Chemist: 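Have a look at this one.
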Amino acid sequence: MPELPDVEGFRRTFQRYAGGNLVTGVWSDRDELRNTNPTRLDRELRGHVFGAPRRHGKWLVCTTEGPVLVLHFGMTGELVWTTARKGHRHDRMILQFRDGNLHLRDMRKFGGVWLLRDERGLERATGPLGPDAWRVKRDAFLARLAGRRGGAKAVLMDQAVIAGLGNLTVDATLWRARIHPRRGMGTLSSREQAVLFDAMKAVLRDSLPLGRVPLRGDLLTTLRQEGARCPRCHRKLQHGTIAGRTTWFCAHCQH
DNA sequence: GCTCATGTTCCCCT
DNA sequence: CAGGGGAACATGAG
């Protein structure tokens, strides 16, 4: 589930329930913790108050007046607020507050939790990240693409180029921009690059209010199935592995 | 039993 | 060094 729009939804959830809230305890299993352990996590966060979390790409940076909690949601992660004291089978971490609990659930455990002393070590957790796909301005976006020789899909999926796009948002973006996923990024005209930027922003703009990726009538979820047709030309959509991921596209519309 | 899944990292090859 | 391909990670769903 988690691409930029999903993580933006998690940011809102975190802000709403944990922002300004005092941590009374932390439960966690060992699996999701990348640079700490359950005992330390509880000891370091208990008694601290979360501020407003920040999202960069698919990463959520949760500051307190002290330590910083960094979350990544992998393929199946999500944040769920409950007031019941009951855990879930896939809970990997539970932040406990006086008025409820914020659960990090992640069935496949590809996500991760880091605890930092401050924000200076952030890049050690996230690795190199390009500018956030939603906030990046046109000029900066074009500058990031300059000199890239890879395929359009591979370049857009690279978090070090632009942070936040995933398999579904990239397919939707390329479909809107009418650019073939295997097209060399270096072969795009400046007009095509501008169209690509607009398409990316449009996909994100449409997905962000939902706080999740699935978007009807686009190449996100509903159309990713055998026999699906292009909403523009009504020919059958093609699919295959491109840049290592299952990719859906319209061979007629996208060049 | 089989295949596939919205992410990232690592290794090997060109 | 840049880029592509594949495997691995863990746990389901169909």
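So that the names make sense, note that chain A is the first sequence line, chain B the second, and so on, each numbered from 1. For clarity, every value in this text was computed on a predicted model and none was experimentally measured.
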Chemist: Pick the P atom in dC2(B) and in dA7(C), then give their distance to the nearest Å.
Modeler: 16 Å
Chemist: When we call it a touch if two heavy atoms are under 4.0 Å apart, what does R34(A) touch: a base, just sugar-phosphate, or nothing?
Modeler: nothing
Chemist: What's the gap between dG1(B) and dC9(C) when it is taken at their C1' atoms, as a whole Å value?
Modeler: 22 Å
Chemist: Which part of the nucleic acid, if any, lies within reach of G151(A) when heavy atoms closer than 4.0 Å are counted: base, sugar-phosphate only, or nothing?
Modeler: sugar-phosphate
Chemist: Under 4.0 Å between any heavy atoms, over every strand shown, what does R245(A) touch: base, sugar-phosphate, or nothing? Just pick one.
Modeler: base
Chemist: Mind checking if T246(A) touches a base, just sugar-phosphate, or nothing, with heavy atoms under 4.0 Å?
Modeler: sugar-phosphate
Chemist: Whether the side chain of D106(A) engages the backbone of D91(A) through a donor-acceptor N/O pair (distance < 3.5 Å, no angle test) should be reported.
Modeler: no
Chemist: Thinking salt bridges, do E8(A) and R55(A) make one under a 4.0 Å N-O criterion?
Modeler: yes
Chemist: Does R117(A) come within less than 4.0 Å of E44(A), counting only side-chain N to carboxylate O?
Modeler: no
Chemist: Using a 4.0 Å heavy-atom cut-off across all strands, classify G244(A) as base, sugar-phosphate, or nothing.
Modeler: nothing
Chemist: Are the charged groups of R245(A) and D171(A) less than 4.0 angstrom apart, N to O?
Modeler: no
Chemist: Need two values: the first and the last nucleotide of DNA chain C, 5' to 3', having an atom under 4.0 Å from any heavy-atom of chain A.
Modeler: dG3(C) to dG12(C)
Chemist: For T82(A), enumerate each residue passing the side-chain hydrogen bond (donor to acceptor under 3.5 Å, both in side chains) test, keeping only those at least two apart in sequence or located in another chain.
Modeler: H103(A)
Chemist: Using heavy atoms and a sub-4.0 Å distance, could you list which residues of residues 104-116 of chain A are near DNA chain B? By number, please.
Modeler: R108(A), F110(A)
Chemist: Mark yes or no for whether T247(A), through its side chain, and A243(A), through its backbone, hold a donor-acceptor pair below 3.5 Å.
Modeler: no
Chemist: Which ILVMFWY residues can you reach from I94(A) by hopping between side chains whose heavy atoms are under 4.5 Å apart?
Modeler: W27(A)
Chemist: Please list, pair by pair, any protein nitrogen or oxygen found under 3.5 Å from a nitrogen or oxygen in nucleotides 12-14 of chain B.
Modeler:
none

Chemist: Give the dot-bracket line for DNA chain C from 5' end to 3' end: parentheses for intra-strand Watson-Crick or G-U pairs under 3.5 Å, square brackets for crossings, | for inter-strand pairing, dots for unpaired.
Modeler: .||||||||.||||
Chemist: Taking the basic N atoms (NZ, or NE/NH1/NH2) and the acidic carboxylate oxygens, is any pair closer than 4.0 Å for K137(A) and D139(A)?
Modeler: no
